[in-house]
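Report on the following structure.
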Protein chains: 2
Amino acid sequence: MVDSTRHSVVAVVLRVRDGRLESLVRGVPLGSGETLEEALSRAVDVGALAHHEQLETRLLADGTLATVYLGLVPADRDLDGDWRPAGSDELVVAATARLRAKLSYTNAGFALAPAVFTISELREIYVAALGHDVAATNLQRVLVRRGVLERVEGVRAPGRAGGRPAALFRFASSSLEVTDQFAVLAPRRPGSRASA
Amino acid sequence: MVDSTRHSVVAVVLRVRDGRLESLVRGVPLGSGETLEEALSRAVDVGALAHHEQLETRLLADGTLATVYLGLVPADRDLDGDWRPAGSDELVVAATARLRAKLSYTNAGFALAPAVFTISELREIYVAALGHDVAATNLQRVLVRRGVLERVEGVRAPGRAGGRPAALFRFASSSLEVTDQFAVLAPRRPGSRASA
DNA sequence: ACAAAAGTGTTAAGGATACACCCATGA
DNA sequence: TCATGGGTGTATCCTTAACACTTTTGT
């Protein structure tokens, strides 16, 4: 047994700030007898992440075997580091792709949004993360229908330009849940209304 | 640097045989300087797999860090080994879950089906892999609509009990493709008919 | 009154399941 | 001609994007 391939854990963290998707990449070598999750928590403050999941394990250019994680930080939480616009870095692209997919069929938005928000604010986050326009009307309808969003007491006062006060919402759950079962060919499930 | 955590590559291979989903699990230690794919090809005959993809990397009970792959073998190809009914093994369960998901939104069936088949035969494969009943009518319609299946010349003669001869089909592609863009909130894509 | 922002009602289109019915073959 | 397996036509349901219209505020 030679001291063969070195192994490391890389965190690719994403957040939306000022209407832009930003990324932060950090890696640490995997310690002897250390868990992947333990190494991850050395690489980044896991407490600041509302959600994280493993992406893939790949051989980096420098010959180390890296297990890559995707982490998401809510808009109202701070995590300092070298944040950059989510660009063309290969790992960041993979992480972004995963995020976009999950925004479509899970409640992953909870991990990017602040605790309480208006539909307009949520729309900005989705636009930045998805990279294409999203209609506020449909965003609300889809997420409410799926039981992902819940109304919160009160409204947000309009700005200096006026306008109707906006209703406040929050995500019903703060852990990842699949909300759109894309199970084609499945028998029709009769009483499949939201059970909550 | 101690000779820290050992790393291995595990192949979880699935196939459908006699209407049942079967699994084969094989693992090898990752050699020094060896690629994950190289180790995989030592663990199993990759040439017999119509498709394979990485599942996850996890710490096994014995303390080795294992990168797990899912492999799929077509019904008309042979790969010997200790095939067992796909059961409750944790890795096999994870692999089965991934397979079921991919059967819904990709053309993954190509990796389980023989080169040419009737809809009935394909239905048996889907039933075994998905674990629930599938209507032949809808299976055909969904897959043909998506451009996943193609007609092949000729028909299969009926058995001794009679019946109409069955049309033959094949998969249009033999590499994994996403056929159902579950992209909710996306603007309507106008000319998105099959481009082939 | 008017502009601006938010929210609701309604329409239309597409995808998918279910089911009734027609087709082709062997005995 | 009847049973059997295969295939097509059609109806219905559901989800969702689009858009017009109403509501509520500030100036």
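Numbers restart at 1 for each chain; the letters A, B, ... are given by sequence-line order, proteins then strands.
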Could you list the donor-acceptor pairs under 3.5 angstrom formed between side-chain atoms of residues 83-104 of chain B and any protein atom two or more places apart in sequence or on another chain?
unit_1    : atom_1 : unit_2    : atom_2 : d
Trp83(B)  : NE1    : Leu79(B)  : O      : 2.6
Arg84(B)  : NE     : Asp82(B)  : OD2    : 2.9
Arg84(B)  : NH2    : Asp82(B)  : OD2    : 2.8
Asp89(B)  : OD1    : Leu91(B)  : N      : 2.8
Asp89(B)  : OD1    : Val92(B)  : N      : 3.1
Glu90(B)  : OE2    : Arg58(B)  : NH1    : 3.1
Thr96(B)  : OG1    : Val92(B)  : O      : 2.7
Arg98(B)  : NE     : Glu53(B)  : OE2    : 2.8
Arg98(B)  : NH2    : Gln54(B)  : O      : 3.0
Arg100(B) : NE     : Ala129(B) : O      : 2.9
Arg100(B) : NE     : Leu130(B) : O      : 3.2
Lys102(B) : NZ     : Glu53(B)  : OE1    : 3.3
Lys102(B) : NZ     : Glu53(B)  : OE2    : 3.3

Short side-chain donor-acceptor distance under 3.5 Å, Thr106(A) and Thr179(A): no

Residue pairs passing the ring pair (Phe, Tyr, Trp, His ring centres under 6.0 Å) test where at least one lies in residues 85-120 of chain A, sequence neighbours excluded: Tyr105(A)-Phe182(A), Tyr105(A)-Phe182(B), Phe117(A)-Phe171(A)

Sequence neighbours excluded, every pair satisfying ring pair (Phe, Tyr, Trp, His ring centres under 6.0 Å) that has a member inside residues 7-37 of chain A: His7(A)-His7(B)

I'd like to know if [X] pairs up with [Y] as an ion pair, taking the criterion as any Lys NZ or Arg NE/NH1/NH2 lying under 4.0 Å from an Asp or Glu carboxylate oxygen.
X	Y	answer
Asp180(A)	Arg145(A)	no
Glu22(B)	Arg15(B)	yes
Arg26(B)	Asp45(B)	no

Nearest-Å distance, [atom1] ([X]) to [atom2] ([N])?
X	N	atom1	atom2	value
Leu168(B)	dA24(C)	CG	C1'	15 Å
Glu121(A)	dA6(C)	CD	C1'	12 Å
Glu124(A)	dA5(C)	CD	P	12 Å
Arg156(A)	dG7(C)	CZ	P	11 Å
Arg145(B)	dA13(C)	CZ	C1'	12 Å
Phe117(A)	dG7(C)	CZ	P	12 Å
Ile119(B)	dA24(C)	CD1	P	18 Å

Cluster check Val13(A), Leu40(A): I/L/V/M/F/W/Y, side chain < 4.5 angstrom: yes

Phe169(B) with Leu143(B), same ILVMFWY side-chain cluster at under 4.5 Å: yes

Reported OG1-to-CG distance for the pair Thr118(B) and Leu122(B), which is rounded to 0.5 angstrom: 8.0 Å

Arg146(B) side chain, from C-beta outward: closest of dA17(D), dA16(C), dG7(C): dA16(C)

Given dG7(C), dT16(D), dG6(D), the nucleotide with the shortest approach to the side chain of Ala166(A): dG7(C)

Nearest heavy atoms of Ile125(B) and Ala113(B), plus distance in Å: CD1-CA, 3.7 Å

Sort me out a list of protein N/O and nucleotides 11-13 of chain D N/O pairs below 3.5 Å, or just none if empty.
none

Under 4.0 Å protein heavy-atom contact, by nucleotide of nucleotides 22-27 of chain D - B base, S sugar-phosphate only: -BBBSS

Interface with DNA chain C, restricted to residues 126-143 of chain B and to heavy atoms under 4.0 Å: Thr137(B), Asn138(B), Arg141(B), Val142(B)

